[in-house]
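Chain letters run A, B, ... following the sequence lines, proteins first and then strands; every chain starts at 1.
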Protein chains: 2
Amino acid sequence: MERNLSLYEKVREDILSGEFDEKEKMTEIKLAKKYEVSRTPIREVLKQLEFEYLVKNGYIYKPSPEDYRNLFEMRTLIETHAIEKAILLFGPSDINDLKNSIEKAYAGPEDETLSANKYFHDKLISSIRNPFLSETYERMNSIIYLFSRTVVERQRPNLIEEHAQIVEAIEERDVAKGKRLIKEHLDKDLEFSLYYM
Amino acid sequence: MERNLSLYEKVREDILSGEFDEKEKMTEIKLAKKYEVSRTPIREVLKQLEFEYLVKNGYIYKPSPEDYRNLFEMRTLIETHAIEKAILLFGPSDINDLKNSIEKAYAGPEDETLSANKYFHDKLISSIRNPFLSETYERMNSIIYLFSRTVVERQRPNLIEEHAQIVEAIEERDVAKGKRLIKEHLDKDLEFSLYYM
DNA sequence: CAGTTAATAAATGTATACATTTCTATTTAA
DNA sequence: TTAAATAGAAATGTATACATTTATTAACTG
C-alpha cells in the first residue's frame with residue numbers, strides 16, 4: 001500500500017537515506033527543480049527540517065559530537081522526567097505494552113527491533129501527558145532515529161536488556177533506580193553511536 | 001534612540017500589548033494590509049509567533065490553565081536542571097551577577113524590577129551551556145514575560161526574597177535545596193498568575 | 001603578488017496572480 | 001424545524017516575477 005508522501009516526507013526521507021551531498025548547498029531553486037514544485041513550498045519544508053535539526057542554513061546539518069551530547073542532554077532530561085511520571089501513573093496495561101515491545105525487539109528482524117524500540121521510548125514519553133514536552137521530544141525524532149538505527153544495526157550490547165531493567169524499576173516504583181537506569185541507557189546509546197558515526 | 005523594529009517585533013509587541021481581538025481571526029490578508037507588506041513576510045512572522053505560543057491557527061493563542069501548567073512544567077524542568085549546573089559551575093562573579101540583579105529588583109521601579117528578574121532567570125539558564133535547551137527556554141520568553149509582568153505588577157509576596165534564597169542555595173552548593181526552591185518559586189508564580197489572569 | 005574593489009551572477013526576500021481549499025450562508029429536502 | 005446540499009465568498013496554498021542581498025570572480029592597485 002503506497003502512501004502518497006508529502007513533499008516534507010519525501011525530502012526528509014531523502015536526507016535520512018543520505019541522498020544529499022553535505023558539502024553542497026541545498027538552494028531553494030535546486031530543490032524546487034528536483035521535486036518539481038515552486039520555491040514557496042520548499043521554503044516551508046526547509047523551515048520544518050531546520051526545526052528538526054536536519055538542515056541548517058541551506059546545508060545538511062552535520063552536528064558535532066558536542067551538539068549530539070547537547071541534544072542527548074535534552075533528550076535525557078525529558079525521558080528522566082517521563083520515567084518519574086510513568087512510575088506514578090502507569091498501570092498493568094501500560095507496563096504490559098512496554099514488555100510486549102521488549103519481546104518484539106528480541107524476536108524480530110532488525111527493522112522490527114528498531115520500531116519496537118521506538119515504541120518503547122514513545123510509550124515512556126506518553127506518560128508525561130504534556131503536549132509541549134512531547135513536541136520538544138518529537139522534534140528530535142529524526143536525530144533519535146539515526147542513533148537508534150546505529151545501535152540496532154551495530155548491535156550495541158545489552159540494548160534490550162536495559163529496556164527490561166527499566167521496566168523492572170517501573171514495576172518496583174523505584175524512581176531513583178528508574179532515573180539512573182534511563183540515564184545510563186541513553187549515555188550508552190550516545191557514546192556507542194558517536195564511536196561508530 | 002528609536003530602533004527600527006522588524007515586522008516580527010512589531011506584531012509581537014502589538015500582541016503583547018493586547019492590540020488584537022482574540023475572537024477575530026488574524027488572516028494573512030488583514031495583517032498584510034495592517035502592516036503594509038505582502039502576505040509572504042506575514043506568513044513567516046505568523047509561523048514564528050506560533051512557535052512562541054502566541055498564535056495558534058490564525059488566532060491569538062489563549063492557553064488554558066492546563067496549558068499554562070504544562071508550559072510551566074517544561075520551564076521548571078529546564079530551570080531545575082539549570083540550578084544543578086549553576087551549583088556545579090558558577091563562580092563568585094556569576095553569583096555576584098545574580099546578587100546584583102536582586103539589588104536592582106529591590107531598588108528599581110516596576111519595569112526595572114521586571115528586567116532585573118528576567119536577568120536573574122536568564123543568568124541561571126546560561127549555566128546550562130546547551131543551545132538546544134536554551135532555545136527551548138527562549139521559545140517560552142513571551143509566555144514567561146506575561147507571567148513576570150503579572151507577578152511584578154500585582155506584587156506577588158516574597159518574589160525577590162525567593163531569588164535571594166535561591167542564590168543562597170547556590171552558594172551553599174546544595175543541589176536538593178536549590179531544586180526545591182526553584183520549583184516552589186515557579187509554582188508560586190504560576191498559581192499567583194493564574195489567579196489574576 | 002596580496003589585498004581591495006568593482007562587476008556579475010546567483011541566491012534569498014517580497015509582491016502578486018492564480019489555484020485550491022475552507023468557511024459561511026442560503027436554499028432545499030426530509 | 002433540522003439537517004443536508006450547494007453556491008458564493010474568503011481564506012490559504014502555490015507559482016512566478018521582480019527587488020534586494022549575498023556570494024563569486026575578475027580586475028585593479030599598492
Would you call B:Phe132 and A:Glu73 a side-chain contact if the rule is heavy atoms closer than 4.5 Å? no
What I'd like to find out is whether the side chain of A:Val11 reaches to under 4.5 Å of the side chain of A:Leu46, using heavy atoms alone. no
Run through the side-chain heavy atoms of Ile, Leu, Val, Met, Phe, Trp and Tyr, join any pair under 4.5 Å, and report what else lands in B:Tyr119's cluster. none
Atom-pair distance ([atom1] on [X]; [atom2] on [N]), nearest Å:
{"X": "A:Glu24", "N": "D:dT24", "atom1": "CD", "atom2": "P", "result": "13 Å"}
{"X": "B:Leu46", "N": "D:dG13", "atom1": "CG", "atom2": "P", "result": "11 Å"}
{"X": "B:Ile29", "N": "C:dC23", "atom1": "CD1", "atom2": "P", "result": "14 Å"}
{"X": "A:Asn57", "N": "C:dT12", "atom1": "CG", "atom2": "P", "result": "10 Å"}
{"X": "A:Met26", "N": "C:dT12", "atom1": "CE", "atom2": "P", "result": "11 Å"}
{"X": "A:Lys30", "N": "C:dA9", "atom1": "NZ", "atom2": "C1'", "result": "14 Å"}

Cation-pi check for B:Phe120 against B:Lys104: NZ or CZ below 6.0 Å from the six-membered ring centre and within 45 degrees of the axis, yes or no? no
Pi-cation contact, B:Phe20 with B:Lys34 (under 6.0 Å, within 45°): yes
Answer yes if the ring centres of B:Tyr68 and B:Phe72 are under 6.0 angstrom apart, and no otherwise. no
Can you give me the bend angle of the helix from C:dC1-D:dG30 to C:dA30-D:dT1? Use the axis through the first five pairs and the one through the last five, nearest 10 degrees. 20°
In plain terms, say whether B:Lys99 and B:Glu168 are close enough for a salt bridge, that is, a side-chain N and a carboxylate O under 4.0 Å apart. no
Salt bridge or not for B:Lys10 and B:Asp14, using N-O below 4.0 Å? no
Where along nucleotides 14-20 of chain D does protein come under 4.0 Å, by heavy atom, of base (B) or sugar-phosphate alone (S), with - for untouched nucleotides? BBBB---
